[in-house]
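Atoms within a ligand are numbered from 1 in the order they appear, just like the ligands themselves. Atom set for the values below is all heavy atoms of this structure, side chains included, hydrogens, waters and symmetry mates excluded.
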Amino acid sequence: MAKAKSTAFFCGECGYESAKWMGQCPACKQWNTFTEQPVTVKSKRTSVNTVSSKPVKLSSVTIEDEDRMSTGYVELDRVLGGGIVKGSLILVGGDPGIGKSTLLLQMCRQISNLGKNVLYVSGEESLKQIKMRASRIGEFTGDMQLLCENNLDTIEDSIRECMPQVVIIDSIQTMYKENIDSAQGSISQVRESTNVLMQLAKGLSISIFIVGHVTKEGVVAGPRVLEHMVDTVLYFEGDKNAMYRILRAVKNRFGSTNEIGVFEMKSSGLEEILNPSEYMLEGRPKGASGTVVACYIEGTRPMLIEIQALVTHSNLGIPRRTSAGADYNRVNLLMAVIEKRLNLQIGGCDAYVNIAGGIKINDPSVDLALVAAIISSYKNREIPSNTMIFGEVGLSGEVRSVSMAENRVQEAIKLGFDTVILPKGSLKLFDKQTSIKLIGVENIRELADLI
Ligand code: TYD
Ligand code: MG
């Protein structure tokens with residue numbers, strides 16, 4: 001009789017299981033992510049329902065009122081959909097060093113200072129290291145508990161013993177269960193550990209935050225493996241060089257997934273940026289040509305950003321084009337549209353486009369602003385600094401409406417702009433009496449005439 005196979009191949013990105021090795025994962029399309037690992041025999045079947053296993057009437061299920069807890073941060077609360085839901089399992093993913101531990105420690109400080117019982121479990125740092133980080137971010141008046149441990153059975157005992165309201169597991173890749181014989185950080189370990197934490201969260205009504213490092217290689221299981229198991233998935237992202245960080249809800253069983261929160265890494269921890277537009281526009285040059293304020297939508301929030309273009313005559317056979325932050329092909333396309341529709345000889349010019357603040361944008365609603373910046377630089381005419389521009393540009397130079405026009409105009413009003421140039425088609429959304437001057441344009445010719 002053939003012996004039962006005790007190993008299988010797993011994708012390190014998404015956890016896809018296969019009997020044989022494959023170069024590309026059929027599920028997530030990543031290359032070279034398969035590793036051979038022991039297969040775990042599933043322990044007993046588990047259910048997250050601790051009350052009954054019989055069908056009940058929907059109308060007979062009651063929801064308690066007070067089941068959300070504030071984190072003490074407006075931005076974090078918004079991303080979570082209005083606070084931490086009791087008994088939920090939340091995954092916080094992100095590149096190493098982006099600030100996940102810092103964010104969660106700061107959250108613990110806020111919660112424990114309110115007299116709540118919090119347990120911070122670290123499998124990566126020593127008590128001393130955590131204390132050092134804690135002293136950077138401020139005073140802890142509450143009695144937060146720390147545990148440096150990797151063995152999940154010990155952690156489970158501690159949780160059952162001190163019954164905290166909030167638990168942080170930093171990070172899931174450093175945890176292991178003894179009865180599973182694959183290595184720490186492997187897919188089986190990470191999955192099984194999450195499963196145990198899920199049972200604890202639901203069974204004891206404790207909110208558990210799991211930290212998961214995003215990994216480049218398939219050696220250590222990345223947080224994507226867990227996305228389907230948890231209630232909420234937050235990703236913390238940002239450029240290592242730029243100081244701001246964006247916390248994004250990718251999945252949320254208790255709220256919208258379009259929410260983002262913006263933070264800045266300072267020497268004393270993360271600070272919320274309640275008004276990101278103001279932050280992004282800080283230090284903008286006044287009275288220079290080739291700079292324009294545009295608006296793009298991040299999640300559900302309009303963000304104002306500065307777009308800069310520099311167009312100069314080229315001494316090279318093939319002109320140079322670079323684009324930082326905006327899509328390179330899109331910039332080339334818009335330049336071709338400008339050349340063709342406006343008869344401007346910019347084909348032989350060098351062009352450099354930059355979006356200030358190191359932001360990357362892939363949103364056609366900034367097209368019109370890009371066009372304005374390019375024309376402004378080419379003609380050396382400045383665009384008034386109190387003007388904001390948005391709209392999509394098509395191949396025949398027409399300006400198309402974009403979503404959420406009202407929110408974009410509202411954001412411009414909030415930041416004290418006095419003129420908005422927008423697609424003519426969006427004008428009908430507004431009353432005659434807006435506190436801001438709205439100029440509708442139908443094509444880029446009308447925009448060029450304004451400049
Ligand atoms: P950390 O929270 O350890 O990242 P993660 O848990 O996601 O791996 O963040 C570490 C980085 O943040 C590190 O490079 C130092 C920096 N940092 C500050 O700039 N200021 C601070 O107050 C703290 C605590 C960290
Ligand atoms: Mg960390």
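Looking at Ser135, Ser171, Gly99, Pro96, it is Gly99 that brings a heavy atom closest to atom 9 (O) of ligand 1. Considering each of Met265, Glu124, Glu271, the one bringing a non-hydrogen atom nearest atom 16 (C) of ligand 1 is Met265.
Residue Gly269 approaches ligand 1 through these ligand atoms, each under 4.0 Å from one of its heavy atoms: 20 (N), 21 (C), 22 (O). Applying the 4.0 Å criterion to heavy atoms of Arg133 picks out, from ligand 1, the atoms 1 (P), 2 (O), 3 (O), 24 (C). Within ligand 1, the atoms closer than 4.0 Å to a non-hydrogen atom of Ser268 are 22 (O), numbered from 1 in the order shown. Taking every non-hydrogen atom of Lys266 and a distance limit under 4.0 Å, the qualifying atoms of ligand 1 come out as 18 (C), 19 (O), 20 (N), 21 (C), 22 (O).
Here the options are Asp170, Val121, Ile130, the test is side-chain contact (heavy atoms from CB on, under 4.5 Å), and the partner is Cys148; only Ile130 passes. No option in Cys295, Ser426, Ser365 other than Ser365 meets the side-chain contact (heavy atoms from CB on, under 4.5 Å) test with Val402.
The environment of CZ in Arg253 is crowded: more than 12 heavy-atom neighbours from other residues, nucleotides or ligands sit within 6.0 Å. Heavy-atom contacts from other residues, nucleotides or ligands closer than 6.0 Å to CD of Gln24 number more than 12.
Remark: minimum distance from atom 2 (O) of ligand 1 to any protein heavy atom is reached at Thr102 OG1, 2.6 Å. Looking from atom 6 (O) of ligand 1 to the surrounding protein, the closest heavy atom is Ser101 OG, 2.6 Å. Summary of contacts: the protein heavy atom closest to atom 15 (C) of ligand 1 is Arg136 NH1, 4.7 Å. The protein heavy-atom contact nearest to atom 8 (O) of ligand 1 is Gly97 N, 2.7 Å.
With respect to Glu237 and Arg248, a salt bridge is recorded, a charged nitrogen being found less than 4.0 Å from a carboxylate O. Between Glu259 and Arg301 there is no salt bridge, since no side-chain nitrogen of the basic residue lies less than 4.0 Å from a carboxylate oxygen of the acidic one. With respect to the salt-bridge test (charged N to carboxylate O, under 4.0 angstrom), the residues Asp231 and Lys202 qualify. Asp350 and Arg321 are not joined by a salt bridge, as no carboxylate oxygen comes within less than 4.0 angstrom of a charged side-chain nitrogen. A salt bridge between Glu75 and Arg78 is present, with a side-chain N of the basic residue lying under 4.0 Å from a carboxylate O of the acidic one.
Of the protein's heavy atoms, at least one falls inside 4.0 Å of atom 18 (C) of ligand 1. Using a 4.0 Å threshold on non-hydrogen atoms, atom 21 (C) of ligand 1 counts as touching the protein.
Metal site remark for the Mg ion (ligand 2): Ser101 contributes an N, O or S atom at a distance under 2.8 Å.
Considering backbone and side-chain atoms alike, His213 places every N or O at 3.5 Å or more from each N or O of ligand 1.
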